[in-house]
2 protein chains.
Amino acid sequence: MDDEPLPKAVRRGLADEVADRVRDAVFAGRFPPGAPLREVELAESLGVSRGAVREGLARLQREGLIRTGWHRPTTVVAATAADVEEVYRVRAALDRLAAVTALRRATPRDLDELDRLVDEMAAELAAGAGVPRLLALDMAFHDRIYRAAGNGRLTAAWQAVRSQVFLFQLQRVSLARGQYRALVVAEHRELARLLRAGGDEHHLDRLAAEHVDTARRSLLALLPDPDGTDPAGTDTAGTDPDGTDPDGTGPDGTDPEGTTAAG
Amino acid sequence: MDDEPLPKAVRRGLADEVADRVRDAVFAGRFPPGAPLREVELAESLGVSRGAVREGLARLQREGLIRTGWHRPTTVVAATAADVEEVYRVRAALDRLAAVTALRRATPRDLDELDRLVDEMAAELAAGAGVPRLLALDMAFHDRIYRAAGNGRLTAAWQAVRSQVFLFQLQRVSLARGQYRALVVAEHRELARLLRAGGDEHHLDRLAAEHVDTARRSLLALLPDPDGTDPAGTDTAGTDPDGTDPDGTGPDGTDPEGTTAAG
DNA sequence: CCATGTCCGAATGTTGACATCAGGTCGTGC
DNA sequence: GCACGACCTGATGTCAACATTCGGACATGG
């Protein structure tokens with residue numbers, strides 16, 4: 001008996017389908033950073049109407065994977081140091097909350113799944129698996145933590161940066177060095193251990209923060225340094241300062257199974 | 001001599017207009033919690049096509065203000081204790097990051113504006129202003145902090161919960177008691193002071209968390225105790241992981257550019 | 001040669017109509 | 001009387017066509 005026997009057979013619309021296809025295409029490098037995603041082209045290519053494409057793109061915009069403007073073609077985001085800084089800072093805040101919350105709410109099933117993912121990660125690593133495969137497992141691991149936390153809004157916020165995290169890691173294949181790969185696996189194993197231990201909230205919180213920080217620094221090391229160690233003022237154009245950016249469309253709250261794939 | 005002399009004259013689409021109108025209507029109580037928002041009705045009422053309405057509703061869904069399903073009418077969210085818990089926990093995580101980041105990036109103009117908002121808040125309070133007015137100022141205050149932080153993704157995440165925070169506070173007019181009102185103003189003044197001082201990051205982080213927690217508890221106190229939401233959850237986490245308590249969420253939110261209405 | 005005004009292509013923004021689906025109601029058989 | 005199935009209504013999902021706007025190229029005047 002599963003806690004959730006049936007994954008609830010959700011009726012997806014075309015927009016979701018379009019979003020998934022385009023997202024995978026972006027991850028696969030079909031559309032490099034800065035490349036335009038024209039609605040008509042995608043509509044023809046996918047065999048659907050522009051409306052569906054439009055809605056799907058709006059969803060991807062919500063995920064921060066693409067940017068658009070008034071009467072301007074949407075383009076794939078290009079990862080600058082400022083972007084990485086922004087995304088990972090937000091991710092750290094969310095991850096910490098997710099970990100601490102999961103500490104109190106994780107079910108035995110959640111804990112088992114986390115261990116299984118870490119084991120699989122280690123196995124794949126030993127087998128010399130490619131970066132996308134390891135990244136997918138990495139993502140699945142964190143997705144599970146968010147799911148265990150059981151906070152819909154938190155999960156939604158995570159999904160708003162998740163694709164960017166994946167894309168950035170994929171573009172800059174920072175996992176290339178074996179040393180770092182092993183470290184990542186070790187960090188995940190430690191996270192799973194602390195969650196199972198169920199005790200030290202402070203320790204877990206700190207580990208979650210450090211885990212993200214490790215990834216952030218390893219990515220920033222590969223990017224042109226805009227300014228000092230402490231990036232201030234890297235506001236830049238990417239996002240709008242006023243905060244009222246025109247984005248996307250409605251989220252669907254909960255999406256349990258990771259959609260990204262890219263395996 | 002503004003830092004940004006011209007507010008950039010953004011070209012808004014119909015979807016944004018629709019979203020603003022509907023949001024204001026919801027805040028004004030035109031659509032009570034649970035009420036259906038039918039696309040055709042709104043289309044006729046606003047004099048636009050269903051497409052525009054659809055896109056606008058998608059935006060509101062992203063803000064968590066409405067919920068929808070496959071071929072089911074969208075409805076206004078009803079604030080349960082679990083919802084408040086979720087929203088405020090996420091908000092606390094975001095607010096903490098925003099405050100700490102703003103500590104390093106806030107410009108003198110930002111600081112002046114924060115002080116001005118607090119003063120105005122105090123003045124309105126003394127003048128016996130209504131709850132919506134105080135809430136709007138409260139929101140503007142926090143919006144300014146997010147803006148000062150200069151992290152677009154963080155701001156986007158904030159906007160995904162901002163409307164809910166506003167709605168919850170508005171529905172349960174927890175600010176009714178004069179005592180609490182005064183406390184809120186004092187907390188804001190302290191936040192502004194710490195930001196201007198520019199020093200103690202730890203202290204600021206903790207204050208931001210407490211500020212949100214105060215609001216969270218005051219709201220939960222007014223809601224029926226759901227049982228299941230979470231055993232340890234509501235009060236919870238008394239321990240602070242980083243020395244600062246990980247959760248907690250905050251109270252008000254508002255929107256800067258006066259869209260919210262009610263005022 | 002630089003600055004200004006105008007035109008054109010292309011993409012998005014917007015629209016109204018058609019197809020599909022969920023929920024409730026009624027009717028039927030046991 | 002109860003369970004099951006078909007039907008109908010109303011809503012959203014989807015589509016193809018029209019209107020608006022951006023960006024650049026071209027021509028023009030100083």
Side-chain angles (χ1 to χ4, degrees), chain A residues 6 8-22 25-26 31-32 34-62 65-77 237 240 244-255 259, chain B residues 6 8-22 25-26 31-62 65-77:
Chain A
L6 299 180
K8 59 188 167 176
V10 62
R11 264 264 178 281
R12 292 156 41 93
L14 262 190
D16 292 282
E17 202 66 33
V18 170
D20 287 348
R21 299 290 181 84
V22 175
V26 170
F31 299 99
L37 294 171
R38 273 174 276 265
E39 296 180 358
V40 284
E41 287 183 8
L42 293 175
E44 287 182 23
S45 178
L46 296 173
V48 297
S49 176
R50 265 189 57 210
V53 171
R54 196 177 173 73
E55 212 163 319
L57 289 180
R59 215 153 302 201
L60 293 183
Q61 187 186 359
R62 180 177 69 83
L65 223 139
I66 60 180
R67 293 176 188 281
T68 184
W70 178 262
H71 274 291
R72 251 196 309 277
T74 65
T75 58
V76 178
V77 294
D240 81 33
T244 62
D245 68 351
D247 42 358
T249 54
D252 194 21
T254 62
D255 175 20
T259 56
Chain B
L6 299 179
K8 58 188 168 171
V10 62
R11 264 266 176 280
R12 291 155 42 92
L14 262 191
D16 292 282
E17 201 68 31
V18 170
D20 288 347
R21 299 290 181 83
V22 176
V26 169
F31 299 100
L37 294 171
R38 274 174 276 263
E39 295 180 358
V40 284
E41 286 183 10
L42 293 174
E44 287 182 23
S45 177
L46 296 173
V48 298
S49 176
R50 261 190 61 208
V53 171
R54 194 177 172 73
E55 214 164 318
L57 288 181
R59 214 153 304 203
L60 293 184
Q61 187 185 358
R62 180 178 77 81
L65 222 135
I66 60 179
R67 293 178 187 280
T68 184
W70 178 264
H71 275 291
R72 246 195 313 274
T74 64
T75 57
V76 178
V77 294

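Just so we're on the same page: letters track the sequence lines, and every chain starts at 1.
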Worksheet item: Taking for each residue the nucleotide of DNA chain D bearing the nearest heavy atom, is the 5' side occupied by B:E39 or by A:G47?
Response: B:E39
Discussion item. With a 4.5 Å cut-off on side-chain heavy atoms, are B:V18 and B:L42 touching?
Written reply: no
Discussion item. Distance check needed: C:dT15 P versus B:R54 CZ, whole Å only.
Written reply: 15 Å
Item to complete: May I ask you to verify whether the side chain of B:R72 and the base of D:dG13 hold a donor-acceptor pair under 3.5 Å?
Response: no
Discussion item. Heavy atoms from C-beta onward define the side chain here; which of C:dT15, D:dT12, C:dA11 lies closest to that of B:P73?
Written reply: D:dT12
Worksheet item: Just checking B:G13: base, sugar-phosphate only, or nothing, at a heavy-atom cut-off of under 4.0 Å?
Response: sugar-phosphate
Discussion item. A side-chain contact here means heavy atoms from C-beta on lying under 4.5 Å apart; do A:E17 and A:V48 qualify?
Written reply: no
Discussion item. Nearest whole Å is fine: how far is C:dA10 C1' from A:E41 CD?
Written reply: 11 Å
Worksheet entry | Partners passing side chain to side chain donor-acceptor pair (under 3.5 Å) against B:E44 (at least two apart in sequence or in another chain) | none
Worksheet item: Expressed in angstrom and rounded to an integer, what is the separation of B:L46 atom CG from C:dT15 atom P?
Response: 11 Å
Item to complete: Would you kindly give the CG-to-C1' distance between B:L37 and D:dT12, to the nearest whole Å?
Response: 14 Å
Worksheet item: Starting at NE2 of A:H71 and ending at P of C:dC8, how long is that distance when rounded to a whole Å?
Response: 19 Å
Worksheet item: A:W70 CH2 to D:dG23 P: how many Å, rounded?
Response: 13 Å
Item to complete: Send over the distance from A:D16 CG to D:dT14 C1', rounded to a whole Å.
Response: 14 Å
Discussion item. What I'd like to find out is whether the side chain of B:Q61 reaches to under 4.5 Å of the side chain of B:T74, using heavy atoms alone.
Written reply: no
Worksheet entry | Donor/acceptor link under 3.5 angstrom from B:R12 side chain onto base of C:dG13 | no
Discussion item. Is there a side chain to side chain contact (heavy atoms under 4.5 Å, CB included) between B:L65 and B:V26? Walk through the geometry before answering.
Written reply: CA-CA 9 Å; B:L65 222 135; B:V26 169; 3.3 Å; yes
Practice prompt. Nearest whole angstrom, please: distance from the C1' of D:dG10 to the CZ of B:R38.
Written response: 9 Å
Practice prompt. Could you please name the option among D:dC15, C:dT15, D:dT14 that lies closest to any side-chain atom of A:V48?
Written response: D:dC15
